[in-house]
2 protein chains.
Amino acid sequence: MAGIKEIAKRTGLSLATVSRVFNNSALVSPTTRQKVLKAAKDLDYQPNITAAALRSGKSKIIGVIVPEVNNYFFSGIINGIEGIVSESDYNIIIAQSHESQKKENEALNSFLKLNVEGILLSISKQTTDFSSIKKILKSKTPIVFFDRIPNLDSVNSVTLNDYMGAFMATEHLLERNCKNLVHIAGDPNVSIFNDRHKGFSNAILKSEQIGVTATSIELTTDVKKDMKILKTLFKSNPNVDGIFAYGDEVGLHVLNLLKDLKVNVPEKIKLIGFGNANFSNLTQPKISTVDQECSQMGELAAELLLQNLNNKNAKPQTKVLSPKLIKRASTQV
Amino acid sequence: MAGIKEIAKRTGLSLATVSRVFNNSALVSPTTRQKVLKAAKDLDYQPNITAAALRSGKSKIIGVIVPEVNNYFFSGIINGIEGIVSESDYNIIIAQSHESQKKENEALNSFLKLNVEGILLSISKQTTDFSSIKKILKSKTPIVFFDRIPNLDSVNSVTLNDYMGAFMATEHLLERNCKNLVHIAGDPNVSIFNDRHKGFSNAILKSEQIGVTATSIELTTDVKKDMKILKTLFKSNPNVDGIFAYGDEVGLHVLNLLKDLKVNVPEKIKLIGFGNANFSNLTQPKISTVDQECSQMGELAAELLLQNLNNKNAKPQTKVLSPKLIKRASTQV
DNA sequence: TTGTATGCGTTATCAA
DNA sequence: TTGATAACGCATACAA
């Protein structure tokens, strides 16, 4: 593992010239370039990124923060990011906020200490204080938000049109002739869950079908308690024939609950989730859902960041992806 | 965001003294230490890790390579690692091999370029050439292998006793009075899958029950094809009453296949998987399985690496975790 | 206990 | 087109 010093010695050139070769400077003759490249190969040259980072101020590191890695959605995004970044000469470093504002801030801080050149961030559910984020924005370190974005002006973001996804899911239930719909809603403080709720409500408003009823129920985080609540709901309300769950996991819980209650899906009640989780395709019946295009989201976010890295004056961009309805057995006629 | 230079100026001390404070040198008086710490707070001191890394040769970065992040097992391990490392002053950087030897080597290479101080690695299924790994070992960069380990002497490793897990799972089926067992086996080139196979075979050998038959079938990676093969197997072999699948995911596929074939689980056939995947608890019936203690594995691996970081002459250690049998409805009597 | 001076490996400025 | 040299921010050997 040699550095440019050894190459300089071997070729008889100066450090400066050798360095220029690896920085693709045009100011070097083809012959010397060849000489250097050959020596580099012979000596197994490995650039010392740390030294380059110190001198140039460019660490070649992109920091990524997600709430949880152990989540099909976020790990799909990470794969998307990786796909794009690996084609550049940047490295990525991944941190998890575990939905905690404190850990998110800690991660942002260690990113700054590591001199990351850019940041990709999906904020935690808990994040309501944007001061750390504002600090980053002020520091001019390029940052792109994805999926869960802060309510701030002039920031780069890539999101899914959650409203549209929920709208499509609800419309799908209506098309399947469901008349008494229930939306199992997520924490409304998280913008995307709120959007899904809105999509549900508006789909029903805009469909001009008569005799349609709509109920929304917001869950806690205690699955057992939640299932009890839902059990009561279904028992006291036997006409329910369509359910839109804000996520596939809760959808699966509901599916199991309905089996326990001997309610057939999709014959009696049709069920649709959100997210296209890996297991949604493995249940019986398979759960209809909305695909979040996570890989594409990661790719777009990474591309946007790379653009900003190349051009510090790039204007903030807002990209919104369209979700895709996935019809499966749980909403079959 | 100030550096030690600003603090030196503010306090009237030299750079060296300020530096010593942050390196916990004993050679500094309590009063000056206080002065420096106060100035650090006032000026929002952020150490430049890059510069420190260059100077000291210590990057404070630990590199982690897993086959896939999007996997309950490996992300559980990552959480375990994170839990331990976050209490130290190290940072972790995560890379995925996507089960490719080439990508694994690339990751190792960029780790070296980034001057990581230590490496945590679970090798890819494809990795048969250990030359890159040997290069790391020779470079004296501490490395700890976990779960999927190379067949090399004198290396640090943390693994699960897969043999024992499979043994326990098979024993459990025998206790439940299964007489005609099938093991659905993974790629035998992957040591842990091979161990599970051995555990299955030996459990049957050692149980001295009479009239027990055992079949093993190795799957491809094409799920559809695999299910056809299994369908044929079950049809031509209607006496099968116990299945041990090498993983929960394939277990779930089998469960669904059996439902299609109108074969009741657990009444007619008992089924046990391996891994305690998140969804194994959400199926109907819930799938019995073997827990891999992933979080603990991550913790132990990280602790072992930190030990090696503190003591470069530490002797290689081999830690083997005991799996835990989880009995659920799919093997109920 | 504190300060001075040097160098980590690279990039960038200036001169040749 | 190339070379000599300073500088990036910090840690450390040595001097005081």
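A note on names: the letters A, B, ... follow the listed sequences, proteins ahead of strands, and every chain is numbered from 1.
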Colleague: Could you walk me through whether B:Arg10 and B:Glu6 satisfy the salt bridge (Lys or Arg N to Asp or Glu O under 4.0 Å) test, starting with their C-alpha distance in whole Å, then the side-chain angles of each, then the deciding distance to 0.1 Å, before giving a yes or no?
Modeller: CA-CA 6 Å; B:Arg10 163 82 79 111; B:Glu6 284 83 352; over 6 Å; no
Colleague: Counting side-chain heavy atoms from C-beta on, which of C:dT10, C:dT4, D:dA4 comes nearest to A:Ile4?
Modeller: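 The closest nucleotide is C:dT10.
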Colleague: What's the angle between the local helix axes at either end of the helix from C:dT1-D:dA16 to C:dA16-D:dT1, using five pairs per end and rounding to 10 degrees?
Modeller: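 Helix axis angle between the two ends: 40°.
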Colleague: Below the 4.0 Å mark, does D:dA11 have OP1 or OP2 next to a side-chain nitrogen or oxygen of B:Asn23?
Modeller: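 Yes.
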Colleague: Just do the salt bridge (Lys or Arg N to Asp or Glu O under 4.0 Å) check on A:Asp44 and B:Lys135 with the steps written out, would you?
Modeller: CA-CA 12 Å; A:Asp44 185 25; B:Lys135 191 172 145 192; 3.7 Å; yes
Colleague: Report the distance from atom CD of A:Glu6 to atom P of C:dC8, rounded to the nearest whole Å.
Modeller: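 The answer, rounded to whole Å, is 11 Å.
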Colleague: Does one side chain, of B:Ser97 or B:Ser100, offer a donor that lies under 3.5 Å from an acceptor on the other?
Modeller: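 There is no such pair (donor and acceptor under 3.5 Å, judged by atom type) between the side chains of B:Ser97 and B:Ser100.
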Colleague: Checking B:Thr318 side chain against B:Ser157 main chain: does a donor-acceptor pair fall under 3.5 Å?
Modeller: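 A pair under 3.5 Å: no.
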Colleague: Any side-chain heavy-atom pair from A:Ile92 and A:Ile61 closer than 4.5 angstrom?
Modeller: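 No. Closest side-chain heavy atoms not under 4.5 Å.
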Colleague: Is A:Arg55 side chain donor-acceptor paired with the D:dG9 base, going by distance under 3.5 Å alone?
Modeller: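 Side chain to base: no pair below 3.5 Å.
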Colleague: By nearest heavy atom, map A:Ser56 and B:Leu13 onto DNA chain C; which one lands nearer the 5' end?
Modeller: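 This one resolves to B:Leu13.
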Colleague: Distance check needed: D:dT12 C1' versus B:Leu54 CG, whole Å only.
Modeller: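 About 14 Å, once rounded to whole Å.
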Colleague: Between C:dC8 atom P and B:Lys113 atom NZ, what is the distance in whole Å?
Modeller: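 It works out to 22 Å between those atoms.
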Colleague: With a 4.0 Å cut-off on heavy atoms, is A:Ala16 in touch with a base, just the backbone sugar-phosphate, or nothing at all?
Modeller: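 The answer is base, as A:Ala16 lies within the cut-off (heavy atoms under 4.0 Å) of a base atom.
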Colleague: Take the protein atom NZ of A:Lys58 and the nucleotide atom P of D:dA7, then report the distance between them rounded to whole Å.
Modeller: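 These atoms are roughly 21 Å apart.
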Colleague: Side chains of A:Gln317 and A:Gln307: is there a donor and an acceptor less than 3.5 Å apart?
Modeller: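 Yes, side-chain donor-acceptor contact under 3.5 Å.
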Colleague: Just checking B:Leu15: base, sugar-phosphate only, or nothing, at a heavy-atom cut-off of under 4.0 Å?
Modeller: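 Nothing, no nucleic acid heavy atom in range.
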Colleague: At 4.0 Å (heavy atoms only), tell me whether A:Thr32 reaches a base, stays on the sugar-phosphate, or touches nothing.
Modeller: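 If one applies the 4.0 Å heavy-atom cut-off, A:Thr32 turns out to touch the sugar-phosphate alone, with no base involved.
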Colleague: Using a cut-off of less than 4.0 Å, is there contact between a side-chain N or O of B:Ser19 and OP1 or OP2 of D:dA11?
Modeller: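 Yes, because at least one side-chain N or O of B:Ser19 sits under 4.0 Å from OP1 or OP2 of D:dA11.
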Colleague: Nearest-Å distance, CZ (B:Arg20) to P (C:dT4)?
Modeller: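 One finds 11 Å between P of C:dT4 and CZ of B:Arg20, rounded.
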Colleague: Using a cut-off of less than 4.0 Å, is there contact between a side-chain N or O of A:Thr17 and OP1 or OP2 of D:dT1?
Modeller: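 Indeed not, no polar side-chain atom of A:Thr17 lies that close.
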Colleague: For the pair made of CG in A:Asn48 and P in C:dT11, what is the distance, rounded to whole Å?
Modeller: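 It is 9 Å, rounded to the nearest whole Å.
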Colleague: Looking only at the side chains, is there a donor atom on one of B:Ser75 and A:Asn70 sitting less than 3.5 Å from an acceptor on the other?
Modeller: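 Note: B:Ser75 and A:Asn70 side chains meet the donor-acceptor criterion.
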Colleague: B:Leu112 CG to C:dG9 C1': how many Å, rounded?
Modeller: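 Taking CG of B:Leu112 and C1' of C:dG9, I get 16 Å after rounding.
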Colleague: Atom NZ of A:Lys60 to atom C1' of C:dT11: distance rounded to whole Å?
Modeller: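 So the NZ-C1' distance, A:Lys60 to C:dT11, works out to 13 Å.
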